[in-house]
Amino acid sequence: MDSDYKSKVKINFINGDVKIEVSNGKETFSFISGLGFIALPHFFDTLTKLYNGDIKREKLFCHGNGEFYNFITDGINLTIEHVDDYYGQYDTVIYYFNLRKYMEAVDIGFTDYLNKYEQKGKIFPPIEKDQFHPLNEEVLNYFYKFSALING
């Protein structure tokens with residue numbers, strides 16, 4: 001993987017907010033959403049479908065506010081439009097990445113996050129089978145499918 005691509009993951013287990021930040025050395029995009037148990041499966045599934053060519057464009061919502069992201073690919077490049085609907089005044093910021101390198105960075109960042117989580121003695125999926133937990137079984141299944149595609 002290109003060493004300029006880096007990723008960081010943060011998950012708030014109290015409110016379920018998630019943040020996946022990817023930088024390519026020139027620009028940094030942060031996927032931020034509430035309701036991680038909904039947002040993360042959609043995020044990983046969208047990237048998988050974009051990479052496989054099943055879709056060329058998908059809208060991902062930032063649960064908890066009026067923002068959303070459009071993920072668009074031509075098969076090689078990934079364009080992300082971050083649209084902020086501030087009282088009907090749409091502000092858009094556009095980011096450009098290599099699709100494969102972006103996905104590799106996400107895979108490495110999320111894997112590192114899970115490893116650190118496990119090293120702290122945490123178990124996932126959580127024993128209590130909480131469907132609202134941001135690392136529930138469904139989230140992990142979507143991530144493992146995504147990761148297998150990247151590492152396959």
Enter the distance from L60:CG to D45:CG here, rounded to the nearest 0.5 Å. 9.5 Å
For the pair K10 and E21, evaluate side chain to side chain contact (heavy atoms under 4.5 Å, CB included) and give the outcome as yes or no after the intermediate values. CA-CA 9 Å; K10 292 183 182 179; E21 182 179 281; over 6 Å; no
Quick check on K116: does its NZ atom have over 12 non-hydrogen neighbours (other residues, nucleotides or ligands) under 6.0 Å away? no
Pairs under 3.5 angstrom only: tabulate donor-acceptor contacts from the side chains of residues 67-76 to other protein residues two or more places apart or in another chain.
| unit_1 | atom_1 | unit_2 | atom_2 | d |
| --- | --- | --- | --- | --- |
| E67 | OE1 | H82 | NE2 | 2.3 |
| Y69 | OH | S30 | O | 3.3 |
| Y69 | OH | I32 | N | 3.0 |
| Y69 | OH | I32 | O | 3.3 |
| N70 | ND2 | E81 | OE1 | 3.0 |
| T73 | OG1 | G75 | N | 2.9 |
| T73 | OG1 | N77 | O | 2.7 |
| D74 | OD1 | I76 | N | 2.8 |
| D74 | OD1 | N77 | N | 2.7 |
| D74 | OD2 | N77 | ND2 | 3.1 |

Any donor-acceptor N/O pair, N52 side chain to D54 backbone, under 3.5 Å: no
Identify the two heavy atoms, one from R100 and one from L149, that lie closest to each other, and give their separation to 0.1 Å. NH1-O, 4.3 Å
From NZ (K6) to CG (D112), nearest 0.5 Å: 11.0 Å
In a check of ring-ring contact (aromatic ring centres under 6.0 Å, His included) between F44 and each of Y144, Y51, F110, F31, which one passes? F110
To check you understand the geometry: which heavy-atom pair defines the closest contact between Y5 and A105, and what is its length? CB-CB, 4.1 Å
G36 to V18 - nearest heavy-atom pair and separation: CA-CG1, 3.7 Å
Linked, directly or transitively: V93 and I80 (ILVMFWY side chains, under 4.5 Å): yes
Linking I/L/V/M/F/W/Y whenever any side-chain heavy atoms sit under 4.5 Å apart, do L78 and Y96 land together? no
Rounded to the nearest 0.5 angstrom, the NZ-OG1 distance for K59 and T46 is 12.5 Å
Show the nearest heavy-atom pair for residues L47 and M103, with the distance to one decimal. O-CE, 3.5 Å
Could you tell me whether the side chain of T111 and the main chain of D107 form a donor-acceptor pair under 3.5 Å? yes
Are the aromatic ring centres of Y117 and F13 under 6.0 angstrom apart? yes
To check you understand the geometry: which heavy-atom pair defines the closest contact between I20 and V106, and what is its length? CG2-CG2, 4.2 Å
What distance separates K8 NZ from K19 NZ, expressed to the nearest 0.5 Å? 7.5 Å
Please assess L140 against L114 for the test side chain to side chain contact (heavy atoms under 4.5 Å, CB included), listing each intermediate value before the final yes or no. CA-CA 10 Å; L140 294 175; L114 292 178; 4.1 Å; yes
Can you name the residues that form a side chain to side chain contact (heavy atoms under 4.5 Å, CB included) with F37, not counting sequence neighbours? L35, F132, N136
If you round to the nearest 0.5 Å, how far is CZ of F97 from CD of E27? 5.0 Å
Testing the basics here: between G16 and P134, what is the closest heavy-atom pair and its distance to 0.1 Å? CA-CG, 4.2 Å
Evaluate the side-chain proximity of N24 to D4: yes if any heavy-atom separation is below 4.5 Å, no if none is. no
Taking the six-membered ring for Trp, are F43 and Y102 parallel (under 30°), tilted (30 to 60°) or perpendicular (over 60°)? perpendicular
